[in-house]
Student: 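Take this structure first; my questions come after.
This chain uses plain numbering: 1 for the first residue, then up along the sequence.
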Amino acid sequence: MCGLTGFLKADIFHPREELTRLVARMSLTLAHRGPNDAGHWCDPVHGIALGHRRLAIIDVSAAGHQPMQSPSGRYILVFNGEIYNHLLLRKELDGNLLPVPWRGGSDTETLLAGFEQWGIRATVERAVGMFALAVWDRQTRNLTLARDRIGEKPLYYGWQGQGKARVFLFGSELKALRAHPAFDDIIDRDALCLQMRHGYIPAPYSIYKNVFKLPPGCLLTVAGPSQEHALSVYWSAASQMVDGVNRPFRGSPEQAVDALEVLLRDAVGAQMVSDVPLGAFLSGGVDSSTVTALMQAQSARPVKTFSIGFFESDFNEAHHAKAVAQHLGTEHTELYVSAAQARDVIPSLQNTYDEPFSDSSQLPTVLVAQLARQHVTVALSGDAGDELFCGYNRYQLVDALWHRISAAPLFVRRLAARSITGVSVESWNRAARVLGPGLPRAMRFQNTGDKLHKGAQVMNSASLDALYLGLVSHWDDPQALVRSATEPLTALNGDPPELSALNGLQRMMALDLLTYLPDDILVKVDRAAMSVGLETRVPFLDHRLVEFAWRLPQSYKLRDGVTKWVLRQVLYRYVPKALIERPKMGFGIPVGDWLRGPLREWGEVLLAESRLEREGFFEPKLVRRCWTEHLSGHRNWQYQLWNVLMFQAWLEHRRADPRTGQDADLADHLTGAVS
């Protein structure tokens with residue numbers, strides 16, 4: 001796990017000293033991703049420069065130093081990630097007439113030998129792992145970028161500057177691109193619409209104009225002399241999901257459990273290979289408990305496991321994790337934190353996440369990464385179990401809702417919705433307060449008007465996809481919030497992949513795998529962990545396991561109302577059912593309450609009407625109305641407001657002194673609020 005960056009100049013020849021100075025400045029911004037080593041390589045004749053920061057995991061010797069050349073010197077590579085089958089690839093390469101003269105044991109060297117033997121694309125297709133890489137071909141003078149199949153490792157790119165100053169920039173994080181003097185630093189208001197809707201910016205967009213995320217499963221080739229670039233897909237998650245549904249697993253449920261256990265054991269075992277201390281995040285839920293159980297089953301010593309606990313019972317799962325750890329015999333470490341300690345993380349978030357990102361579970365994720373890094377350098381996680389095995393409750397909820405409401409004609413539903421929204425939220429709340437004492441307890445709700453208005457939005461949905469988009473949206477109409485912006489098309493809002501073979505439940509799972517998983521969950525974990533130099537690995541994202549999961553019949557995943565049925569059966573072979581069976585709890589925090597209490601002053605600073613008007617990104621009256629309603633308790637706008645606040649804090653961070661990384665006045669407000 002490392003950080004990479006570099007650039008390709010349009011005006012080709014530049015002094016070596018200039019190229020080296022620029023790429024060194026870019027790679028220095030990624031020191032947190034690679035604290036063990038730094039390296040640079042440049043070719044002044046062709047205007048290419050590569051930079052690397054190394055977190056040594058496999059072959060920690062100097063033989064793993066990057067940038068690294070292939071045996072013939074044709075290819076120069078910078079690489080971030082792990083290739084779990086690299087030893088098998090070495091055996092295949094050594095089976096040729098001319099064995100490779102290996103210099104060390106790193107997977108970087110294995111990739112380079114593969115490039116020479118099979119070519120770049122064929123090598124990437126053979127690789128099992130998580131990765132982002134950039135490779136310069138000295139023979140063709142082409143630069144190729146590649147990203148792993150699901151999107152565990154990040155990679156940004158884009159042409160910046162004009163004329164002779166035009167340059168192709170790339171890097172693991174946006175801060176590396178910003179360090180180059182040609183970077184234009186223009187905020188993309190259209191992409192900001194996406195962040196307001198989802199809390200993250202989905203690939204291929206980024207918060208900056210003309211800067212993009214390389215989509216998962218893709219190669220991008222830039223022809224140095226012509227400056228032309230071409231994007232190609234070497235593995236398509238959408239195609240694999242459709243293919244899996246069309247070629248279903250024909251075995252019995254018990255045979256499916258057996259096959260899944262074998263695949264999981266292999267994936268976990270391969271990802272336990274490390275030359276540095278290794279452990280696991282353990283929440284006590286199905287997914288992390290399964291990964292931990294399979295790690296412990298293949299380990300000769302207790303696996304190191306880590307959990308964060310909260311003193312607020314509504315947000316605490318640490319005692320469940322501890323019970324699972326005790327049963328498995330792991331070396332368990334838990335840290336209980338107060339709400340104030342969790343809020344103390346907020347000032348560092350903008351530097352950690354680098355572009356506006358507002359999944360509030362980023363706070364506990366940062367804390368558990370900090371805890372684990374005190375003991376290990378690599379941690380396995382249980383992410384992706386929900387997307388692969390139908391774990392989110394919203395899948396059943398939306399499917400059931402759609403079957404109920406779709407029986408009525410759309411015009412009837414829309415008429416009913418208008419009759420509900422024609423009465424204000426406050427009026428509905430007043431009516432509920434008057435009628436509430438006479439209603440059965442099961443029919444008494446807080447924020448009745450809020451819930452009725454949300455229900456009206458559901459009735460307005462013309463399709464299941466529209467219903468699902470509404471459910472996962474924070475701001476339903478971000479174009480009304482962001483000034484001078486048009487929301488771009490994505491897989492969720494009008495540019496879906498071809499998924500016609502999938503039923504409603506499967507479509508929701510597929511869309512999450514294509515968007516929410518790589519652009520929210522994996523971003524959250526990668527940035528939090530790499531901010532402290534911790535490598536994270538996700539066994540569920542072994543692509544062979546992903547392909548198998550999509551071949552399983554839906555009834556093996558959701559069975560008699562039980563989510564992740566087939567995965568649970570694997571887990572119950574290692575952990576008693578009684579330790580696992582309980583209502584699902586998210587990895588969240590009480591942001592809504594904090595905004596009404598200890599974060600109120602901080603929020604007032606960032607959401608001041610004069611400030612919003614001056615900055616010009618948001619409609620101030622709309623933001624202030626939501627802020628006022630939330631503070632009064634009449635409405636719950638926590639997700640919408642957190643999106644705006646995270647952008648505002650990010651915007652403040654951009655204007656900060658680059659030597660300190662944060663604005664002193666704002667930091668004082670926040671420090672006083674969270675202490």
Student: Please report the C-alpha distance between E116 and S70 in whole Å, then the side-chain angles of each, then the deciding distance to 0.1 Å, and finally whether the side chain to side chain donor-acceptor pair (under 3.5 Å) criterion is met.
Tutor: CA-CA 7 Å; E116 293 209 328; S70 63; 2.7 Å; yes

Student: Quick one: does any side-chain atom of D148 pair with a main-chain N or O of E152 as donor and acceptor, under 3.5 Å?
Tutor: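 Side chain of D148 to backbone of E152: a pair is present.
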
Student: Does a salt bridge link R551 with E547, judged by any charged N lying under 4.0 Å from a carboxylate O?
Tutor: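 Judged by the 4.0 Å cut-off on N to carboxylate O distance, R551 and E547 do not form a salt bridge.
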
Student: What heavy-atom pair brings S274 and I58 nearest, and what distance separates the two atoms?
Tutor: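 Heavy atoms only, the tightest pair is CA-CD1, 3.9 Å.
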
Student: Take Q69 and W136 through the test side chain to side chain donor-acceptor pair (under 3.5 Å) and record every step on the way to the result.
Tutor: CA-CA 10 Å; Q69 293 190 60; W136 174 251; over 6 Å; no

Student: Under a 3.5 Å cutoff, is there a donor and acceptor pairing between the side chains of T490 and N493?
Tutor: yes

Student: Would you say the side-chain atoms of S172 and R53 include a donor-acceptor pair closer than 3.5 Å?
Tutor: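 No, R53 and S172 have no side-chain donor paired with an acceptor closer than 3.5 Å.
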
Student: So that I know where these two stand, are W642 and Y639 an aromatic pair - ring centroids less than 6.0 Å apart?
Tutor: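 Here the rings of Y639 and W642 have centres that are no less than 6.0 Å from each other.
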
Student: Is there a donor in the side chain of E387 and an acceptor in the side chain of Y392, or the other way round, less than 3.5 Å apart?
Tutor: yes

Student: Which of parallel (below 30°), tilted (30 to 60°) and perpendicular (above 60°) describes F183 and Y208?
Tutor: perpendicular

Student: Tell me whether the rings of F548 and F249 are parallel (<30°), tilted (30 to 60°) or perpendicular (>60°).
Tutor: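 Judged by the thresholds at 30° and 60°, the geometry between F548 and F249 is perpendicular.
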
Student: Could you tell me the separation between the NE2 atom of H86 and the OG1 atom of T110, rounded to the nearest 0.5 Å?
Tutor: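 Going from NE2 on H86 over to OG1 on T110, the span is 5.0 Å.
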
Student: For V523, give me all partners under side-chain contact (heavy atoms from CB on, under 4.5 Å), at least two apart in sequence or on another chain.
Tutor: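 With sequence neighbours excluded, V523 shows a side-chain contact (heavy atoms from CB on, under 4.5 Å) to Y353, F357, R527, given in chain and number order.
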
Student: Ignoring hydrogens and geometry beyond distance, is a side-chain donor-acceptor pair present between Y205 and D190 at under 3.5 Å?
Tutor: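 Side chains of Y205 and D190: no pair found under 3.5 Å.
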
Student: Regarding S358 and Q195, is there a side-chain donor-to-acceptor distance under 3.5 Å anywhere?
Tutor: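 Looking only at side-chain atoms, Q195 and S358 do form a donor-acceptor pair, the distance falling under 3.5 Å.
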
Student: Can T108 and Q66 be counted as having a side-chain donor-acceptor contact under 3.5 angstrom?
Tutor: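 A donor-acceptor contact under 3.5 Å links the two side chains.
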
Student: Are S381 and T536 linked by a side-chain donor-acceptor pair shorter than 3.5 Å?
Tutor: no

Student: Between H32 and S531, is any side-chain donor less than 3.5 angstrom from a side-chain acceptor?
Tutor: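 No.
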
Student: Tell me the closest heavy-atom pair linking V128 and N85, and the distance in Å.
Tutor: N-OD1, 3.0 Å

Student: Using the salt bridge (charged side-chain N to carboxylate O under 4.0 Å, His left out) rule, collect all pairs that involve residues 259-280, keeping only residues at least two apart or in two chains.
Tutor: E261-R573

Student: Any side-chain to backbone donor/acceptor pair from R54 onto G34? Under 3.5 Å, distance only.
Tutor: no

